[in-house]
Trainee: 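Before we start, here is the structure in question, set down as structure tokens.
Note that the structure is predicted; figures quoted are calculated from it, not measured.
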Amino acid sequence: MTGTGGIDLHTHSTASDGTLNPQDVVTAAAAAELAVVALTDHDTTAGWTAAATARPAGLTLIRGAEISCRWYGAEPSVPLHMLGYLFDPTDERLAAELDRVRAARTVRGERIVDMLRADGVDVSWTEVLGYAAGGSVGRPHIAQALIRAGLVASTDEAFAAHWLGERYRLPKVDIDVFTAVRLVRDAGGVAVFAHPRATRRGQVVPDSLIVELAAAGLAGLEADHTDHTPAERAHVRRLAAELDLVVTGSSDFHGAHKTVALGAHTTDVAAYDRLVGAAWGVPPL
Ligand code: AMP
Ligand code: FE
Ligand code: FE
Ligand code: ZN
């Protein structure tokens, strides 16, 4: 690894629901004096090339994705996010799953817009597609339309229960979490469970699932994340220690769609080295 700054292993660009393009994410990461940044857009590797090309000298780029997963061991099933790093993006099975999930995001986004319009809300699918600009469509893009229409003042407000948080929410099509871990591993990558204990985002999975995922090849747990309370971070650290999993910290930077800054939380060098050492799909750049 290079540089002396922090290691931020979770960021989003315009390839999904971030507001900076991939070039600007790496430029901003260098300006924030990070040593390492991982680009982890939702269900896509579309930003990898632009980020790699624009990477400033002295910044290490980890190519990754945040994969929409689901655990079917509870009723109702529980959605969760798996960070995949350093996997081969040409692996056919993984790429096909990401394609399927992205296509379903588009269908779901249009349905949410239809629901809003049926209630007389002045937003359009063309407009939302424009905000997504060819990237993975997500609720933050619909939030942008609600802001433009003057109905809410911020993305956060758009996620309130009477908007996208509940009333106008539809489930995503996700990948079975065990399948996702296996696909990431088979493609030479490593898998880290994103914000695994974030109760403020909704239902969380039991520790027993994390025990099973560890046995299935999960490499790490993201502990330091804005959506975790101090108690939740401590819980995740304890569990990681018990299961010999790597502990990470990261910003989950989304540009202007969230208030968190690049490098707000970081990962220590030993944890980073363990993750990189376990991967063989694509190298850090
Ligand atoms: P989706 O992927 O379409 O289900 O939308 C969820 C995305 O919206 C997540 O990636 C978050 O980054 C973002 N998000 C969730 N809750 C909020 C919130 N309260 N404020 C801003 N962004 C949020
Ligand atoms: Fe997001
Ligand atoms: Fe996430
Ligand atoms: Zn994220």
Side-chain angles (χ1 to χ4, degrees), residues 8 10-29 37 39-48 50-51 54 65-68 79 81 98-99 101-174 194-195 198 200-202 225-227 250-262 264:
D8 187 343
H10 184 166
T11 71
H12 297 264
S13 74
T14 50
S16 63
D17 57 5
T19 57
L20 298 191
N21 65 36
Q23 301 90 301
D24 291 343
V25 170
V26 291
T27 306
V37 71
L39 183 69
T40 53
D41 278 303
H42 296 287
D43 306 313
T44 185
T45 59
W48 285 17
E66 184 172 21
I67 304 172
S68 301
H81 290 173
L98 295 180
D99 285 350
V101 168
R102 267 200 323 281
R105 278 179 168 277
T106 307
V107 173
R108 168 211 191 218
E110 186 167 14
R111 286 205 183 123
I112 294 175
V113 168
D114 286 346
M115 285 163 67
L116 287 161
R117 291 177 63 82
D119 286 350
V121 178
D122 169 36
V123 291
S124 82
W125 178 233
T126 313
E127 170 188 18
V128 171
L129 270 184
Y131 297 139
S136 294
V137 180
R139 282 179 288 168
H141 303 119
I142 303 171
Q144 247 175 296
L146 293 172
I147 293 169
R148 190 274 312 146
L151 294 162
V152 298
S154 66
T155 309
D156 215 35
E157 257 184 54
F159 272 85
H162 55 285
W163 290 114
L164 305 175
E166 203 170 301
R167 176 143 181 218
Y168 300 98
R169 182 184 62 193
L170 290 176
K172 289 204 299 290
V173 167
D174 306 302
H195 42 74
R200 70 172 288 251
R201 301 173 78 110
H225 185 285
T226 319
D227 291 346
S250 40
S251 65
D252 201 357
F253 176 72
H254 278 71
H257 279 161
K258 286 194 182 177
T259 53
V260 69
L262 275 167

Trainee: Answer whether the closest heavy-atom distance between the side chains of D43 and S16 falls below 4.5 Å.
Mentor: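 They are not in side-chain contact.
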
Trainee: Within the 4.5 Å heavy-atom criterion, are V123 and I142 side-chain neighbours or not?
Mentor: no

Trainee: What's the separation between atom NE2 in H42 and atom CD1 in I67, rounded to the nearest 0.5 Å?
Mentor: 12.0 Å

Trainee: If every non-hydrogen atom of V152 is compared with every non-hydrogen atom of E157, which pair is closest and at what distance?
Mentor: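 Closest approach of V152 to E157, heavy atoms only: CA-OE1, 3.5 Å.
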
Trainee: If only side-chain N and O atoms count, and only distance matters, is there a donor-acceptor pair under 3.5 Å linking N21 with T14?
Mentor: no

Trainee: Is the shortest heavy-atom distance from the side chain of H257 to the side chain of Q144 under 4.5 Å?
Mentor: yes

Trainee: To the closest 0.5 Å, what do you measure between CZ (R139) and CG (L170)?
Mentor: 9.5 Å

Trainee: Can you find a heavy atom in the side chain of T226 that is under 4.5 Å from one in the side chain of D252?
Mentor: no

Trainee: Locate the shortest heavy-atom distance separating S154 from I147; write the atom from each residue and the value.
Mentor: C-CD1, 3.7 Å

Trainee: Can you tell if the side chain of F253 reaches within under 4.5 Å of the side chain of L20, non-hydrogen atoms only?
Mentor: yes

Trainee: Quick one: does any side-chain atom of D8 pair with a main-chain N or O of S251 as donor and acceptor, under 3.5 Å?
Mentor: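 Yes, D8 side chain to S251 backbone: donor-acceptor pair under 3.5 Å.
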
Trainee: Supply the atom-to-atom distance D41 CG to S13 OG, rounded to the nearest 0.5 angstrom.
Mentor: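 If we round to the nearest 0.5 Å, D41:CG and S13:OG are 3.5 Å apart.
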
Trainee: Output the distance between atom OG1 (T126) and atom CD (E110), rounded to the nearest 0.5 Å.
Mentor: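 Rounded to the nearest 0.5 Å, the OG1-CD separation comes to 8.5 Å.
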
Trainee: So if I apply the side-chain hydrogen bond (donor to acceptor under 3.5 Å, both in side chains) rule between H10 and each of H195, E66, H225, H81, which one comes out positive?
Mentor: E66

Trainee: Could you report the tightest heavy-atom contact between A46 and T44, atom names first, then the distance?
Mentor: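 Smallest heavy-atom distance, with atoms named: N-OG1, 3.0 Å.
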
Trainee: A side-chain contact here means heavy atoms from C-beta on lying under 4.5 Å apart; do Y131 and P140 qualify?
Mentor: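 Answer no - side chains too far apart.
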
Trainee: Tell me the closest heavy-atom pair linking K172 and S68, and the distance in Å.
Mentor: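 Taking every non-hydrogen atom into account, CE-OG, 3.1 Å.
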
Trainee: Rounded at 0.5 Å granularity, tell me how far NE2 in H141 sits from CZ in R105.
Mentor: 9.0 Å

Trainee: Does the side chain of W125 reach to within under 4.5 Å of the side chain of T106, using non-hydrogen atoms?
Mentor: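 SC-SC contact between W125 and T106 confirmed.
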
Trainee: Inspect the contact between D17 and K258 and indicate whether a charged nitrogen and a carboxylate oxygen are less than 4.0 angstrom apart.
Mentor: no

Trainee: Which heavy-atom pair separates T19 from A256 by the least distance, and what is that distance?
Mentor: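 Scanning both residues, the minimum pair turns out to be OG1-N, 2.6 Å.
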
Trainee: So which atom in A50 and which in Q23 form the shortest heavy-atom distance, rounded to 0.1 Å?
Mentor: CB-OE1, 3.6 Å

Trainee: What distance do D114 atom CG and D119 atom CG have between them, rounded to the nearest 0.5 Å?
Mentor: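 If we round to the nearest 0.5 Å, D114:CG and D119:CG are 11.5 Å apart.
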
Trainee: Would you sort out whether V107 and V173 count as a side-chain contact (heavy atoms from CB on, under 4.5 Å), showing the intermediate values?
Mentor: CA-CA 10 Å; V107 173; V173 167; over 6 Å; no

Trainee: Indicate yes or no: does R102 engage D99 in a salt bridge with an N to O separation below 4.0 Å.
Mentor: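 Looking at R102 and D99, the cut-off is met.
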
Trainee: Kindly indicate whether the side chain of H254, heavy atoms from C-beta on, has any atom under 4.5 Å from the side chain of T155.
Mentor: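 No. Closest side-chain heavy atoms not under 4.5 Å.
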
Trainee: Can you establish whether the number of heavy atoms outside R148 located under 6.0 Å from its atom CZ is more than 12?
Mentor: yes

